[in-house]
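Structure record follows, encoded as structure tokens.
Order of listing sets the numbers, starting from 1, for every ligand and every atom in it.
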Amino acid sequence: MALRPLLLPFLMSMAFVSAACCFANSISTSFPSVFAFGASMIDSGQNSVAMPLRSGAEFYPYGLDYFGKPVGRWSNGRTFFDLITEDIGYGLLDPYLKSINGNFTYGVNFASSGSTATNTSASGDKSGGLFCLLVQVDQFKEFQTSTLSIQQGHQAKLKMAEHFSESIYFFEAGSNDYSIYGFTTDDYDTSASVNTTIAYMKIAFEALYTVGARIFIVMNVVPLGCAPGILADNRGNGTYDAYGCRADFNDLADLHNNRLAELLEDLRADYPEAQWILFDAHSIYMDAVRNPSNYGVKYPLQACCGAGGPYNCRTEVSCADNPKYVNGTYLQWTTCDDPSLYIVWDTIHPVESFGYYLAQGVLTGSHLTPSFDILEAVQSIKTAVSSSDKAYQGEQ
Ligand SMILES: *[C@@H]1O[C@H](CO)[C@@H](O)[C@H](O)[C@H]1NC(C)=O
Ligand SMILES: *[C@@H]1O[C@H](CO)[C@@H](O)[C@H](O)[C@H]1NC(C)=O
Ligand SMILES: *[C@@H]1O[C@H](CO)[C@@H](O)[C@H](O)[C@H]1NC(C)=O
Ligand SMILES: *[C@@H]1O[C@H](CO)[C@@H](O)[C@H](O)[C@H]1NC(C)=O
Ligand SMILES: *[C@@H]1O[C@H](CO)[C@@H](O)[C@H](O)[C@H]1NC(C)=O
């Protein structure tokens, strides 16, 4: 008897803990989820939980301006994708592999730094490149299968399956296929390389379509030739355009983007039940290079964090790397005073303030083709779901 008052709160707290555990880990069918795939521009810590202490994004000064500490994101703060999910009321999406306190209520981020769209094997080296797009798709399928399997009863399974079709699938893929492998050989074939990348993207999209995905938002590749990481590199033929960007890398990005637009056109014809939306991030970035003052930018071709040189970027010592002597010169990274005067934080990843402009391209729909209102999509499905909830409750 005397135990009762002690035991009861204990049992209640157990019940609370287990409810908190399972709710925190499961997605909710009350609103569409967002599932994200891609690489370092939107990685929310996938690589850092999969292979701890191997990526620069886990070290000072990454994340400092917003999180006050590194959180596995390649920015001084949030990524543009974080800004999108925050704006629609979803907060920050956790990486798929986050094993402790992962919160998947609003969706899952599968993006993995350094990854390609091309089917490459995991290397696990310092630069990342852990989970290429098709592996991310497999991870999604695992997630979906186990989510469906834990639903109690036919109705619940059906509702969850519908949920996967009402959800939004966002892609930031393809840029590493070129920034890492572009012009690495003398006979590098841009057309063949683009065709390979696009072919794997198609395989990934079709695989997701097959398991129910119906809303695809696909980002194109930013003008790689304007990125400090490419400008500081010596690959390519060394020709620059009028804005000081590398012409060959920009042509490569253009070729990819044209083929991507064609791919989405083909997919619209082949799978008219789905929405195939292009997010033209390239135009936003390019416009900022050409008209920096419209974006409050002063140094469009330089990185905020880097070890000097004309682009404040050196291939030998990256942001967060240990300093070292290179041919008698001591190379050590520094950070700029005001990141908002830059597009890029380190090599190619946007500073948080520029991420705002990229996010606006999606949130306002200004850079989506065909037009798509993400806020409305989230809202209208929310409303539809809650009225069908009511109908369902009415039946009972
Ligand atoms: C999950 O994240 C959302 C958005 O940040 C938040 O509103 C919600 O309370 C979180 N859920 C749990 C169980 O922590
Ligand atoms: C991707 O690579 C893996 C491992 O090499 C292989 O098993 C798989 O069949 C490949 N998938 C495609 C679509 O090429
Ligand atoms: C790439 O695909 C395009 C369009 O389908 C085709 O015209 C071109 O010949 C292909 N390039 C290579 C190298 O196969
Ligand atoms: C370098 O590549 C660019 C873009 O593909 C091309 O326009 C230019 O003619 C090339 N320059 C040289 C010297 O080969
Ligand atoms: C260092 O100097 C040597 C000889 O001048 C040169 O070949 C090499 O490319 C230089 N290395 C770097 C990293 O600049």
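Residues satisfying the salt bridge (charged side-chain N to carboxylate O under 4.0 Å, His left out) test with Arg290, not counting sequence neighbours, are none. For Gln139, the side-chain contact (heavy atoms from CB on, under 4.5 Å) partners are Gln46, Tyr96, Leu97, Phe110, Phe131, Val135, Gln136, not counting sequence neighbours.
Taking every non-hydrogen atom of Tyr90 and a distance limit under 4.0 Å, the qualifying atoms of ligand 1 come out as 4 (C). Atom numbering of ligand 3 starts at 1 in the shown order; those under 4.0 Å from a heavy atom of Ala192 are 13 (C).
For the pair Asn195 and ligand 3, the shortest N or O to N or O distance falls below 3.5 Å.
When hydrophobic clusters are built by joining Ile, Leu, Val, Met, Phe, Trp and Tyr residues whose side-chain heavy atoms come closer than 4.5 Å, directly or via intermediates, Val49 is grouped together with Leu130.
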What are the distances between nitrogen or oxygen atoms of ligand 2 and protein nitrogen or oxygen atoms, counting only those under 3.5 Å?
from: ligand 2; atom 1: 2 (O); to: Asn119; atom 2: OD1; distance (Å): 3.2
from: ligand 2; atom 1: 2 (O); to: Asn119; atom 2: ND2; distance (Å): 2.3
from: ligand 2; atom 1: 11 (N); to: Asn119; atom 2: ND2; distance (Å): 2.9
from: ligand 2; atom 1: 14 (O); to: Asn119; atom 2: ND2; distance (Å): 3.2

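Side-chain polar atoms of Thr185 and Asp187 form a donor-acceptor pair below 3.5 angstrom.
Atom CG of residue Asn322 and atom CH2 of residue Trp333 lie 10.0 Å apart, to the nearest 0.5 angstrom.
At least one heavy atom of Arg259 sits closer than 4.0 Å to an atom of ligand 3.
Sorted by first and then second residue, the salt bridge (Lys or Arg N to Asp or Glu O under 4.0 Å) pairs with a member in residues 349-361 read Arg78-Glu352; sequence neighbours excluded.
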Exercise for the section: Begin from the C-alpha positions of Phe205 and Tyr169 and carry the test ring-ring contact (aromatic ring centres under 6.0 Å, His included) through to its verdict. Expected result: CA-CA 9 Å; Phe205 297 155; Tyr169 295 74; over 10 Å; no

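The six-membered or imidazole ring of Tyr106 lies near that of Phe31, with a centre-to-centre distance under 6.0 Å.
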